[in-house]
Amino acid sequence: SSIGLWREERLLFLRERASNTYGTGPYFWAKVLWDIVPLRMGPPFVYCCIVYYSIGLKPDAIHLLTFIVGIVLVNVIASAVCMAVGAAVPSTSLANLVASFLLLFATLLCGMLSHNRTSD
C-alpha cells in the first residue's frame with residue numbers, strides 16, 4: 001500500500017500546490033506521518049503483544065520491548081523503501097517489481113533465508 005501512496009494523489013497535490021493551499025513540506029510530512037504511525041506502527045505493536053507470549057519467548061518486559069522495536073523498525077523501513085520506489089519509478093507495476101526485488105535482496109543479505117548449521 002506504500003508504493004502507490006504518492007502516485008494516487010499526484011494530480012490533486014499539484015493542483016492544490018499551484019493554488020497555494022499548502023506547500024510540499026506539510027504535504028510530505030502529513031502523508032508520511034499518517035501512513036507510518038497508524039498503519040506501520042500500530043498493527044505490528046498489537047501483533048507483537050499478542051504473539052510474543054504465545055510463541056514462548058522470554059517473559060520479560062525488556063525482551064518484549066526489544067521484540068516490538070525490532071518488528072516495528074523492519075516494518076517502517078520496508079514501508080519507506082516502498083514509498084521511495086513508488087515515488088521514483090514511473091508506473092505502479094514496475095514499482096511493485098522493483099520493490100519486490102529490493103526487499104527480497106535485503107532479506108537474502110540479512111541472512112533470514114540462509115541455513116545456519118551452527119545454531120542446531
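In this chain, residues are counted from 1 in sequence order.
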Taken in chain and number order and not counting sequence neighbours, the residues that satisfy salt bridge (charged side-chain N to carboxylate O under 4.0 Å, His left out) with Lys31 are Glu9
- Quick one: which residue pairs count as a side chain to side chain donor-acceptor pair (under 3.5 Å) with a foot in residues 84-102, not counting sequence neighbours?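 Output for this query lists Arg7-Thr92.
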In short, side chain to side chain donor-acceptor pair (under 3.5 Å) pairs touching residues 55-66 with sequence neighbours left out are Asp60-His63
Problem - ring-ring contact (aromatic ring centres under 6.0 Å, His included) partners for Tyr47, two or more places apart - result: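 Counting only residues at least two positions away or on another chain, Tyr47 forms no ring-ring contact (aromatic ring centres under 6.0 Å, His included).
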Any heavy-atom pair between the side chains of [Y] and [X] that's under 4.5 Å?
X: Arg15; Y: Thr21; value: no
X: Glu16; Y: Tyr22; value: yes
X: Phe13; Y: Thr24; value: yes
X: Leu103; Y: Cys82; value: yes

ILVMFWY clustering at 4.5 Å (side-chain atoms), partners of Ile62
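Members other than Ile62 - counting any ILVMFWY side chain reachable under 4.5 Å - there are none.
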Would you name the heavy atoms of Cys49 and Ile68 that are closest together and state the gap between them?
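Between these two residues, the closest heavy atoms are SG-CD1, 4.0 Å.
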Should [X] and [Y] be regarded as members of a common hydrophobic cluster, given that ILVMFWY residues are connected when their side-chain heavy atoms come within less than 4.5 Å of each other, either directly or indirectly?
X: Ile77; Y: Val32; value: no
X: Val98; Y: Leu109; value: no
X: Trp34; Y: Phe28; value: no
X: Val85; Y: Val76; value: no

Taking side-chain contact (heavy atoms from CB on, under 4.5 Å) as the definition, give me every residue that meets it alongside [X], ordered by chain and number, with sequence neighbours left out.
X: Ile71; result: Pro44, Cys48, Phe67
X: Val69; result: Leu65, Leu73
X: Ser54; result: Val51
X: Ile50; result: Val46

Residues 69-100 vs ring-ring contact (aromatic ring centres under 6.0 Å, His included), sequence neighbours excluded, gives none
So the ring-ring contact (aromatic ring centres under 6.0 Å, His included) pairs with at least one residue in residues 86-109 (sequence neighbours excluded) are none
* **CA sep, side-chain torsions, deciding dist, call: Met83, Ile36, side-chain contact (heavy atoms from CB on, under 4.5 Å)** => CA-CA 11 Å; Met83 279 188 218; Ile36 287 183; 4.0 Å; yes
Over 12 foreign heavy atoms within 6.0 Å of OH, Tyr52:
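Enclosed: over 12 neighbouring heavy atoms sit under 6.0 Å from OH of Tyr52.
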*Tyr53: partners by side chain to side chain donor-acceptor pair (under 3.5 Å), with sequence neighbours left out*: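 Per chain and number, Tyr53 pairs via side chain to side chain donor-acceptor pair (under 3.5 Å) with no residue.
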